[in-house]
**Q** 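If you scroll down you'll find the structure; I have some questions about it.
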Amino acid sequence: MFYTKDFTLVSEKDTHGSKYGFISSLTVWINKPHVVNRRLCGAKIDYFAFIEEQQLSIKLSELTNDIDLGVNGHGEHDLLEIDNLQGITENEVAVILRKLILKSAKDINHDKESCVIASFYQISREDSKLNILEPSSYQLVFIQGSDESNKIQLKKLKDSEQASNDDFGTFEWMTNTLLPKLCNWSAESKLKTSVTSLRLIPIEEYSQKYQDLKEKYGKHFVQNWPESTDPQKFVYEDIAIASYLLILWKKEREKKKLECLQSFVDLGCGNGLLVHLLASEGHSGIGLDIRKRKIWNMYGKETVLKEVTVTPSAENTFPEYDWLIGNHSDELTPWMPVFAARSSYTCRYFVLPCCHFDFDCKFSGKQQGLSNYRTYLNFVKEVGEVCGFNVEEDTLRIPSTKRVCFIGQDRTYPKEEESSIDDKRSIYIRTRSSSNQSSNSEADDQHSAKYQKLDNGQKWSKEFEPRDQSKEKSRNCQNIDKDIKNLIINTVFKKVLDCDKTEVRHLSDGRIWHKGGSLPLGEVVKLFEKDVLKQLKSECGGLQTLLKNHNSIFHVSGGNVQLRDLSLDEPYSKKSQLSKKDKSQYFKTLQCWFYANHPDGCPRTEVTCTFAHGEKDIKQIICDKTNDLKADDYSVDEG
């Protein structure tokens, strides 16, 4: 190898994986280091080549003195494919130059890697020259054993351990975090080695933009969030989406040599934060939604939000805007490509599907071998293609399970064919109409096409109806029947308390409090009949949502359910909604659930517990604009 010093720090772990599996796991570590180390945003492959082993020293010297990044067919977005490493011969070494991209704005290091026995060397850049730093080297070695008793070995120089400034480069971190991951990945038969997220934009620019927006806007809105939703989720999700769009639009301006910043319309803008972020960064646009939110009053004049009902029709096209945005736009989601296509030939769209809607009803149907979500995504993509867009798919990095987005930037037809393409759009919409499934004749289709294209404000779909939000529907299981809610809470509580592996707390007042164990959500689901779960789902939530809403009782994290440990000084991992208000007005206004239901009572005393221990301990709530506060509201938000 390039350096022959003895490795003084050695650690190894058994694996059920094969040699091929080990190479696959290395590919994951090279392409996607951020899945192991959350301090990283990703990686970029700058150079990849096979080199004869006896020529390695000479070639590496040439490489560090005169390297042209991006040669050999590898641009800044290219990834290492597993087939690349499988093609290596016995006398060759694969040399890879990888740039690690940190989430924070710190120095970015390079690793030089030669695979099969994978040797990693840290690289520094001085002027245009790359220098290999020997003390930072480590090796990952696959050892073939007998009877499938294979091992993966980690070797590290002792000097390099002393030189490590970051905790993710230490021998301890590699042994406890990286090595187990590699062993598990090696044993997986269908390991995904390529990066699936943020493929359409430069990851380095996105990371920097996200950090900039997070520092400028994140803390302010999290601390002053007036809505009942979780600010940690919604604020940072919209910051991530805004970062993505800003970099996507920057890339578009460079490609098309555009001088002006793109304009936009956000259809179904909800809280309007995404509109505010984009407008604050210089892009003119508006947000439209069927219902005004409290937070709208917090934005400045540059944020234009309108409370209007948007229906698919000729009067709701936007020819003066460049982009249409559908961020969790519900019943408008499948219409986003149609809106864009009929607004103007140059109009583009971005859509992030969430709830499953067809053109005029709930989406139904499932493709064999695919999930309901993937089936719906395929439908939304198909709509864009029928509308004449070259549809691109990407996956965002947001705190949501629905992260796949579609982008329509370019048309697949010349402008002169607009009329004939629009006939196809109309026929496609009509064939999916909920009241026209039985009509399949060509004459009906042609009649439909004429109807769909009528001007003067006529609707493009007779059956489309926007949701009635005059009375906002609870989206967190609050409308579930009280008896069913109590059944679920008590059942889960008893099951968690009676787990095989339970924890016991010895309290300062001499009492013993049983905390119970941890129960996977999959096991919790099996405790209830299908009709109960169906009712939960119909309330725009589910079992996990209901348990999270009662976070004064349960702690749901990592797919497991535990009891909330009130014996701790700080039992809650996140600041609750009410922590931003005057807690004193809600202190002792609700009964303590543990005091009334746990066999050992509440782990806190009457003095230290924020909830009332008995009727004599309860106080009247003091508030002016929150007289309609329910007991569940407090137990959900405050815990």
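All heavy atoms count here, side chains included; hydrogens, waters and symmetry mates do not.
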**Q** Can you name the ring-ring contact (aromatic ring centres under 6.0 Å, His included) partners of Trp593, sequence neighbours left out?
**A**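 Trp593: ring-ring contact (aromatic ring centres under 6.0 Å, His included) contacts with Phe493.
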
**Q** Given side chains that start at C-beta, do those of Ile398 and Leu352 come closer than 4.5 Å, heavy atoms only?
**A**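 Side chain of Ile398 against side chain of Leu352, heavy atoms only: contact under 4.5 Å found.
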
**Q** How many angstroms lie between atom CD1 of Ile489 and atom CG of Leu546, to the nearest 0.5 angstrom?
**A**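 It is 6.0 Å, given to the nearest 0.5 Å.
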
**Q** Ignoring hydrogens and angles, tell me if any N or O in the side chain of Gln591 forms a donor-acceptor pair with the backbone of Gly614 under 3.5 Å.
**A**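 Yes, Gln591 side chain to Gly614 backbone: donor-acceptor pair under 3.5 Å.
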
**Q** Taking only residues two or more places apart in sequence or in another chain, which ones pass salt bridge (charged side-chain N to carboxylate O under 4.0 Å, His left out) with Glu392?
**A**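 With neighbours one apart ignored, the set is empty.
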
**Q** What heavy-atom pair brings Phe611 and Asp617 nearest, and what distance separates the two atoms?
**A**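 Minimum heavy-atom separation between Phe611 and Asp617: O-OD2, 3.9 Å.
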
**Q** Apply the test side-chain contact (heavy atoms from CB on, under 4.5 Å) to residues Phe357 and Thr333: give CA-CA distance (whole Å), side-chain angles for both, the deciding distance (0.1 Å), then the verdict.
**A** CA-CA 7 Å; Phe357 282 92; Thr333 294; 5.7 Å; no

**Q** When rounded to the nearest 0.5 angstrom, what is the spacing between SG in Cys183 and NZ in Lys181?
**A**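 Here the rounded value is 12.0 Å.
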
**Q** Pick from Val524, Leu527, Val496, Asn486: which one makes a side-chain contact (heavy atoms from CB on, under 4.5 Å) with Thr491?
**A**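 Among Val524, Leu527, Val496, Asn486, the one meeting side-chain contact (heavy atoms from CB on, under 4.5 Å) with Thr491 is Leu527.
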
**Q** Counting only N and O atoms by type, is there a donor-acceptor contact under 3.5 Å from the side chain of Thr608 to the main-chain atoms of Thr605?
**A**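 Yes, Thr608 side chain to Thr605 backbone: donor-acceptor pair under 3.5 Å.
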
**Q** Any pair with a residue in residues 234-245 that passes salt bridge (charged side-chain N to carboxylate O under 4.0 Å, His left out), sequence neighbours left out, goes on the list, sorted by first then second residue, please.
**A**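 Only Lys233-Glu237 qualify under salt bridge (charged side-chain N to carboxylate O under 4.0 Å, His left out).
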
**Q** How many angstroms lie between OH in Tyr210 and CD1 in Ile247, if you round to the nearest 0.5 Å?
**A**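 One gets 14.0 Å once the value is rounded to the nearest 0.5 Å.
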
**Q** Measure across Asp266 and Ile325 and return the closest heavy-atom pair with its distance rounded to 0.1 Å.
**A**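 Smallest heavy-atom distance, with atoms named: OD1-O, 3.4 Å.
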
**Q** Only counting residues at least two apart or in another chain, list the ones meeting salt bridge (charged side-chain N to carboxylate O under 4.0 Å, His left out) with Asp565.
**A**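 Testing Asp565 for salt bridge (charged side-chain N to carboxylate O under 4.0 Å, His left out), a comparison that skips the adjacent residues, returns Arg505.
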
**Q** His506 vs Ile512, test: side-chain contact (heavy atoms from CB on, under 4.5 Å). Steps then yes/no.
**A** CA-CA 5 Å; His506 295 274; Ile512 294 178; 3.8 Å; yes

**Q** Tell me, which pairs form a side-chain hydrogen bond (donor to acceptor under 3.5 Å, both in side chains) where one or both residues lie in residues 362-372, sequence neighbours left out?
**A**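 Output for this query lists Gln367-Asn378.
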
**Q** Would you say that Val351 contacts Phe406 through its side chain, given a criterion of any heavy-atom pair below 4.5 Å between the two side chains?
**A**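 In contact.
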
**Q** Can a donor-acceptor pair be found, under 3.5 Å and without considering hydrogens, that links the side chain of Arg293 to the backbone of Pro226?
**A**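 Not at all, since once roles are kept as given, no pair shorter than 3.5 Å links the two residues.
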
**Q** Are the side chains of His555 and Leu563 in contact, using a 4.5 Å heavy-atom criterion?
**A**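 No, every pair of side-chain atoms sits at 4.5 Å or beyond.
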
**Q** Can you run down the salt bridge (charged side-chain N to carboxylate O under 4.0 Å, His left out) pairs that involve residues 206-215, sequence neighbours left out, and say none if there aren't any?
**A**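 For residues 206-215, and leaving out neighbouring residues, there are no salt bridge (charged side-chain N to carboxylate O under 4.0 Å, His left out) pairs at all.
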
**Q** What residues form a ring-ring contact (aromatic ring centres under 6.0 Å, His included) with His613, not counting sequence neighbours?
**A**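 Counting only residues at least two positions away or on another chain, His613 forms a ring-ring contact (aromatic ring centres under 6.0 Å, His included) with Tyr595.
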
**Q** Do Lys402 and Tyr373 form a cation-pi contact, if we require the NZ or CZ to be under 6.0 Å from the six-membered ring centre and within 45 degrees of the ring's axis?
**A**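 Satisfied, under 6.0 Å and within 45°.
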
**Q** First locate atom NZ of Lys494, then atom CG of Asn597, and finally report the distance between them rounded to the nearest 0.5 Å.
**A**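 Here the interatomic distance stands at 9.5 Å.
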
**Q** In chain order, what residues pass the ring-ring contact (aromatic ring centres under 6.0 Å, His included) check against His356, with sequence neighbours excluded?
**A**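 Per chain and number, His356 pairs via ring-ring contact (aromatic ring centres under 6.0 Å, His included) with Tyr376.
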
**Q** Assess, by modelled atom type and distance only, whether the side chains of Arg397 and Ser197 contain a donor and an acceptor separated by less than 3.5 Å.
**A**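 Yes, a side-chain donor-acceptor pair sits under 3.5 Å.
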
**Q** Sub-3.5 Å donor-acceptor pair from the side chain of Arg403 to the main-chain atoms of Thr395, do we have one?
**A**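 Checking the backbone N and O of Thr395 against the side chain of Arg403, no donor-acceptor pair under 3.5 Å is found.
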
**Q** What are the two closest non-hydrogen atoms of Gly270 and Asp289, and how far apart are they?
**A**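 What the structure gives for the nearest pair is N-OD2, 2.8 Å.
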
**Q** Could you work out, with salt bridge (charged side-chain N to carboxylate O under 4.0 Å, His left out) as the rule, every residue matching Glu523, not counting sequence neighbours?
**A**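 Testing Glu523 for salt bridge (charged side-chain N to carboxylate O under 4.0 Å, His left out), a comparison that skips the adjacent residues, returns Lys526.
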
**Q** To the nearest 0.5 Å, tell me how far Ile152 CD1 sits from Ser186 OG.
**A**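 These two atoms lie 3.5 Å from each other.
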
**Q** Determine, step by step, whether Asp358 and Phe379 satisfy the side-chain contact (heavy atoms from CB on, under 4.5 Å) criterion, reporting the C-alpha distance in whole Å, the side-chain angles of both residues, the deciding distance to 0.1 Å, and the verdict.
**A** CA-CA 9 Å; Asp358 210 316; Phe379 162 64; 3.4 Å; yes

**Q** Would you indicate whether the side-chain heavy atoms of Lys381 and Leu377 approach each other to under 4.5 Å?
**A**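 The answer is no; the side chains never approach within 4.5 Å.
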
**Q** Going by the salt bridge (charged side-chain N to carboxylate O under 4.0 Å, His left out) test, which pairs reach into residues 597-608, not counting sequence neighbours?
**A**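 Salt bridge (charged side-chain N to carboxylate O under 4.0 Å, His left out) check on residues 597-608 returns no pairs.
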
**Q** State whether the side chain of Thr177 and the backbone N or O of Met174 hold a donor-acceptor pair below 3.5 Å, judged by distance alone.
**A**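 Not confirmed, Thr177 side chain does not pair with Met174 backbone.
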
**Q** Applying salt bridge (charged side-chain N to carboxylate O under 4.0 Å, His left out), can you list everything that pairs with Asp509, at least two apart in sequence or on another chain?
**A**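 Arg511.
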
**Q** When you look at Ile241 and Phe350, which way does the side-chain contact (heavy atoms from CB on, under 4.5 Å) test go after all the steps?
**A** CA-CA 10 Å; Ile241 296 172; Phe350 166 93; 4.2 Å; yes

**Q** Which atom names give the shortest non-hydrogen contact between Leu519 and Cys499, and what distance separates them?
**A**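 Scanning both residues, the minimum pair turns out to be CD1-SG, 4.2 Å.
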
**Q** What's the verdict on salt bridge (charged side-chain N to carboxylate O under 4.0 Å, His left out) for Glu570 and Arg564, showing C-alpha distance, side-chain angles and the deciding distance?
**A** CA-CA 11 Å; Glu570 297 292 339; Arg564 178 68 61 184; over 6 Å; no

**Q** Roughly how far, to the nearest 0.5 Å, is the CD1 atom of Ile201 from the CG atom of Leu246?
**A**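 Leu246 atom CG to Ile201 atom CD1 measures 10.0 Å (nearest 0.5 Å).
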
**Q** Do Val28 and Ser24 have side chains that get closer than 4.5 Å, going by heavy atoms?
**A**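 The answer is no, as the side chains (C-beta and beyond) never meet within the 4.5 Å cut-off.
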
**Q** Okay, side chain of Asp394, backbone of Cys405: is any donor-acceptor separation there less than 3.5 Å?
**A**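 The answer is no, because no donor-acceptor pair under 3.5 Å joins these two groups.
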
**Q** Does the pair His598 and Trp513 meet the rule for a ring pair (Phe, Tyr, Trp, His ring centres under 6.0 Å), with working shown?
**A** CA-CA 9 Å; His598 196 292; Trp513 191 76; 4.9 Å; yes

**Q** Taking ring-ring contact (aromatic ring centres under 6.0 Å, His included) as the test, write out the residues that go with Tyr244, two or more places apart.
**A**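 ring-ring contact (aromatic ring centres under 6.0 Å, His included) list for Tyr244, sorted by chain: empty.
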
**Q** Looking at every non-hydrogen atom in both residues, tell me the closest pair between Trp225 and Ile295 and how far apart they are.
**A**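 Looks like CZ3-CD1, 3.3 Å.
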
**Q** Evaluate the side-chain proximity of Phe234 to Leu273: yes if any heavy-atom separation is below 4.5 Å, no if none is.
**A**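 They are not in side-chain contact.
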
**Q** So, do Val504 and Lys515 sit near enough that their side-chain heavy atoms are less than 4.5 Å apart?
**A**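 Answer no - side chains too far apart.
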
**Q** Which pair of heavy atoms, one from Thr175 and one from Leu179, lies closest together, and at what distance?
**A**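 The pair with the smallest heavy-atom distance is O-CB, 3.7 Å.
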
**Q** Are the side chains of Val561 and Leu547 in contact, using a 4.5 Å heavy-atom criterion?
**A**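 Yes, side chains in contact.
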
